[in-house]
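Working notes, beginning with the structure itself.
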Amino acid sequence: FEVLSYSRTISALGKPVGITCMYASGNVLAVGNEIGEVFCFNIASSSPSPSTSFCDFQQTGFLTTSVCCRGNAVVAAFSSGHIRIYRVFPDSASGGGELVVEVGAHSRCVNALALHPSQHLLASCGEDGNLLVWELDAYSFKINLVHSECMPHKLLTGTTFLQDGKLAVCAYDDDTLTTFQPI
(Lines give C-alpha, C1' and ligand atoms only; values in the text may rest on other atoms or scores of the structure.)
Protein backbone atom coordinates (compact mmCIF):
# COMPACT_ATOMS: atom_id res chain seq x y z
CA PHE A 1 0.00 0.00 0.00
CA GLU A 2 1.09 3.56 -0.58
CA VAL A 3 1.52 5.93 2.33
CA LEU A 4 3.22 8.86 0.62
CA SER A 5 3.08 10.36 -2.82
CA TYR A 6 5.67 12.65 -4.36
CA SER A 7 4.80 16.32 -4.01
CA ARG A 8 7.69 18.59 -4.91
CA THR A 9 11.39 19.14 -4.34
CA ILE A 10 12.41 22.45 -2.82
CA SER A 11 15.82 23.81 -3.78
CA ALA A 12 15.54 27.15 -2.04
CA LEU A 13 18.87 27.18 -0.24
CA GLY A 14 20.87 27.58 -3.44
CA LYS A 15 24.11 26.51 -1.78
CA PRO A 16 26.07 23.26 -1.89
CA VAL A 17 25.58 22.51 1.81
CA GLY A 18 23.69 19.73 3.51
CA ILE A 19 20.53 20.17 5.54
CA THR A 20 21.22 18.85 9.02
CA CYS A 21 17.92 19.39 10.82
CA MET A 22 14.36 20.64 10.34
CA TYR A 23 11.19 21.19 12.33
CA ALA A 24 7.70 22.43 11.49
CA SER A 25 5.13 24.10 13.71
CA GLY A 26 2.17 26.25 12.78
CA ASN A 27 3.02 28.07 9.55
CA VAL A 28 6.79 27.78 9.96
CA LEU A 29 9.22 25.18 8.63
CA ALA A 30 12.71 25.85 10.05
CA VAL A 31 15.75 24.26 8.39
CA GLY A 32 19.38 24.30 9.54
CA ASN A 33 22.49 23.46 7.59
CA GLU A 34 26.08 22.38 8.09
CA ILE A 35 27.52 25.92 8.08
CA GLY A 36 25.15 27.25 10.73
CA GLU A 37 22.55 28.98 8.62
CA VAL A 38 18.87 28.78 9.57
CA PHE A 39 16.15 29.22 6.92
CA CYS A 40 12.43 29.64 7.58
CA PHE A 41 9.65 28.81 5.13
CA ASN A 42 5.97 29.74 5.33
CA ILE A 43 3.99 26.52 5.04
CA ALA A 44 0.52 28.05 5.34
CA SER A 45 -2.24 26.12 3.60
CA SER A 46 -2.12 28.61 0.72
CA SER A 47 1.48 27.61 -0.05
CA PRO A 48 2.04 23.99 1.03
CA SER A 49 5.25 23.68 -0.99
CA PRO A 50 7.19 26.92 -0.53
CA SER A 51 10.00 27.59 -2.96
CA THR A 52 11.76 30.46 -1.21
CA SER A 53 12.45 31.16 2.43
CA PHE A 54 10.85 34.22 4.00
CA CYS A 55 13.91 34.73 6.18
CA ASP A 56 17.38 33.36 6.60
CA PHE A 57 19.86 33.89 9.38
CA GLN A 58 23.58 34.28 8.82
CA GLN A 59 25.97 31.43 9.17
CA THR A 60 27.73 30.84 12.47
CA GLY A 61 30.40 28.62 10.95
CA PHE A 62 29.24 25.85 13.27
CA LEU A 63 26.92 22.98 12.33
CA THR A 64 23.23 23.58 13.05
CA THR A 65 22.40 20.51 15.13
CA SER A 66 18.75 21.00 16.06
CA VAL A 67 15.86 23.39 15.46
CA CYS A 68 12.38 23.71 16.90
CA CYS A 69 9.69 26.36 16.72
CA ARG A 70 6.55 27.58 18.44
CA GLY A 71 4.55 30.66 17.62
CA ASN A 72 6.93 33.30 16.26
CA ALA A 73 9.95 31.74 17.96
CA VAL A 74 12.50 29.58 16.16
CA VAL A 75 15.10 27.99 18.45
CA ALA A 76 18.33 26.67 16.93
CA ALA A 77 21.24 24.79 18.50
CA PHE A 78 24.79 24.63 17.18
CA SER A 79 27.89 22.48 17.48
CA SER A 80 29.57 25.42 19.25
CA GLY A 81 27.34 24.87 22.32
CA HIS A 82 25.21 27.94 21.62
CA ILE A 83 21.44 28.20 21.41
CA ARG A 84 19.92 31.05 19.41
CA ILE A 85 16.32 32.22 19.53
CA TYR A 86 14.93 34.06 16.53
CA ARG A 87 11.69 36.02 16.18
CA VAL A 88 10.13 35.36 12.77
CA PHE A 89 7.26 36.99 10.90
CA PRO A 90 5.88 34.39 8.46
CA ASP A 91 2.51 36.04 7.93
CA SER A 92 3.59 39.64 7.38
CA ALA A 93 3.78 41.04 3.86
CA SER A 94 7.57 41.30 3.92
CA GLY A 95 8.28 38.28 6.12
CA GLY A 96 11.62 38.34 7.85
CA GLY A 97 12.99 37.80 11.29
CA GLU A 98 15.63 38.77 13.81
CA LEU A 99 17.99 37.23 16.32
CA VAL A 100 16.62 37.97 19.79
CA VAL A 101 18.67 35.87 22.22
CA GLU A 102 21.92 33.89 22.10
CA VAL A 103 22.93 31.68 25.03
CA GLY A 104 26.23 29.86 25.58
CA ALA A 105 24.30 26.85 26.80
CA HIS A 106 26.75 23.95 26.67
CA SER A 107 30.53 23.67 26.74
CA ARG A 108 30.44 21.36 23.72
CA CYS A 109 28.06 20.50 20.88
CA VAL A 110 24.32 20.78 21.58
CA ASN A 111 22.91 17.53 20.18
CA ALA A 112 19.17 17.98 20.71
CA LEU A 113 16.42 20.42 21.62
CA ALA A 114 12.86 19.63 22.72
CA LEU A 115 9.85 21.82 23.48
CA HIS A 116 7.33 20.75 26.10
CA PRO A 117 3.94 20.17 24.41
CA SER A 118 1.95 22.45 26.75
CA GLN A 119 4.31 24.28 29.13
CA HIS A 120 6.91 26.97 28.48
CA LEU A 121 9.83 24.54 28.78
CA LEU A 122 12.75 23.88 26.44
CA ALA A 123 15.22 21.05 27.02
CA SER A 124 18.71 20.83 25.56
CA CYS A 125 21.34 18.14 25.83
CA GLY A 126 24.87 17.87 24.57
CA GLU A 127 28.23 16.22 24.36
CA ASP A 128 29.21 17.79 27.69
CA GLY A 129 26.89 15.33 29.50
CA ASN A 130 24.48 18.04 30.63
CA LEU A 131 20.73 17.99 30.30
CA LEU A 132 19.41 21.53 30.70
CA VAL A 133 15.81 22.61 31.15
CA TRP A 134 14.94 26.19 30.30
CA GLU A 135 11.83 28.22 30.90
CA LEU A 136 11.14 29.78 27.51
CA ASP A 137 8.37 32.24 26.86
CA ALA A 138 7.93 32.08 23.09
CA TYR A 139 6.00 35.35 23.12
CA SER A 140 8.21 37.62 25.24
CA PHE A 141 11.39 35.76 24.16
CA LYS A 142 12.70 35.44 27.71
CA ILE A 143 14.74 32.37 28.62
CA ASN A 144 15.85 31.23 32.09
CA LEU A 145 17.71 28.11 33.12
CA VAL A 146 15.50 26.26 35.64
CA HIS A 147 17.27 22.88 35.93
CA SER A 148 20.65 21.36 35.15
CA GLU A 149 21.32 17.64 35.32
CA CYS A 150 24.88 16.38 34.87
CA MET A 151 25.04 12.83 33.58
CA PRO A 152 28.76 12.03 33.96
CA HIS A 153 30.56 9.91 31.38
CA LYS A 154 27.65 10.14 28.93
CA LEU A 155 27.56 11.78 25.52
CA LEU A 156 23.91 12.85 25.40
CA THR A 157 22.44 12.51 21.92
CA GLY A 158 18.69 13.05 22.18
CA THR A 159 15.94 14.41 24.36
CA THR A 160 12.18 14.74 24.06
CA PHE A 161 9.16 15.51 26.20
CA LEU A 162 6.73 12.61 26.37
CA GLN A 163 2.95 13.02 26.23
CA ASP A 164 2.68 12.76 30.00
CA GLY A 165 5.13 15.66 30.43
CA LYS A 166 8.12 13.56 31.44
CA LEU A 167 11.47 14.32 29.84
CA ALA A 168 13.42 11.49 28.24
CA VAL A 169 17.13 11.57 27.36
CA CYS A 170 19.41 9.09 25.64
CA ALA A 171 23.16 8.77 25.24
CA TYR A 172 25.57 7.39 22.67
CA ASP A 173 26.75 3.82 23.28
CA ASP A 174 24.31 3.39 26.17
CA ASP A 175 21.38 1.00 26.18
CA THR A 176 19.34 2.95 28.75
CA LEU A 177 16.73 5.66 28.38
CA THR A 178 16.49 7.98 31.36
CA THR A 179 13.28 9.85 32.17
CA PHE A 180 12.71 12.82 34.45
CA GLN A 181 9.47 14.22 35.83
CA PRO A 182 9.34 18.05 35.71
CA ILE A 183 8.24 19.51 39.04
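Position 1 is the first residue of the sequence; numbering continues from there. Model, not experiment: these values are computed from the prediction.
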To the closest 0.5 Å, what do you measure between CG (Leu145) and CH2 (Trp134)?
4.5 Å

At what distance, to the nearest 0.5 angstrom, does CZ of Phe78 lie from CZ of Arg84?
5.5 Å

Donor-acceptor pair, distance only, cut-off 3.5 Å: does the side chain of [X] make one with the backbone of [Y]?
X	Y	result
Thr159	Ala168	yes
Asp128	Asn130	yes
Asn111	Cys125	no

With a 4.5 Å limit on heavy-atom distance, are the side chains of [X] and [Y] in contact?
X	Y	result
Leu121	Phe161	yes
Asn42	Val28	no
Leu136	Leu115	yes
His106	Ser124	yes
Val169	Phe180	yes
Ile143	His120	no
Leu131	Leu156	yes

Salt bridge (charged side-chain N to carboxylate O under 4.0 Å, His left out) contacts in which one or both residues fall within residues 71-81, not counting sequence neighbours
none

With Asp137, which residues qualify under side-chain hydrogen bond (donor to acceptor under 3.5 Å, both in side chains), at least two apart?
Ser140

Distance-only criterion, 3.5 Å: show the donor-acceptor pairs between side-chain atoms of residues 57-72 and protein atoms not counting sequence neighbours.
residue	atom	partner	partner atom	Å
Thr60	OG1	Phe62	N	3.0
Thr60	OG1	Phe62	O	3.1
Thr64	OG1	Asn33	O	3.1
Thr64	OG1	Glu37	O	3.4
Thr65	OG1	Ala77	O	3.2
Thr65	OG1	Val110	O	2.4
Ser66	OG	Leu113	N	3.2
Arg70	NH1	His116	O	3.3
Arg70	NH1	Gln119	O	3.3
Arg70	NH2	His116	O	2.3
Asn72	ND2	Val88	O	3.3

Heavy atoms of other groups near Met151 CE, more than 12 under 6.0 Å
yes

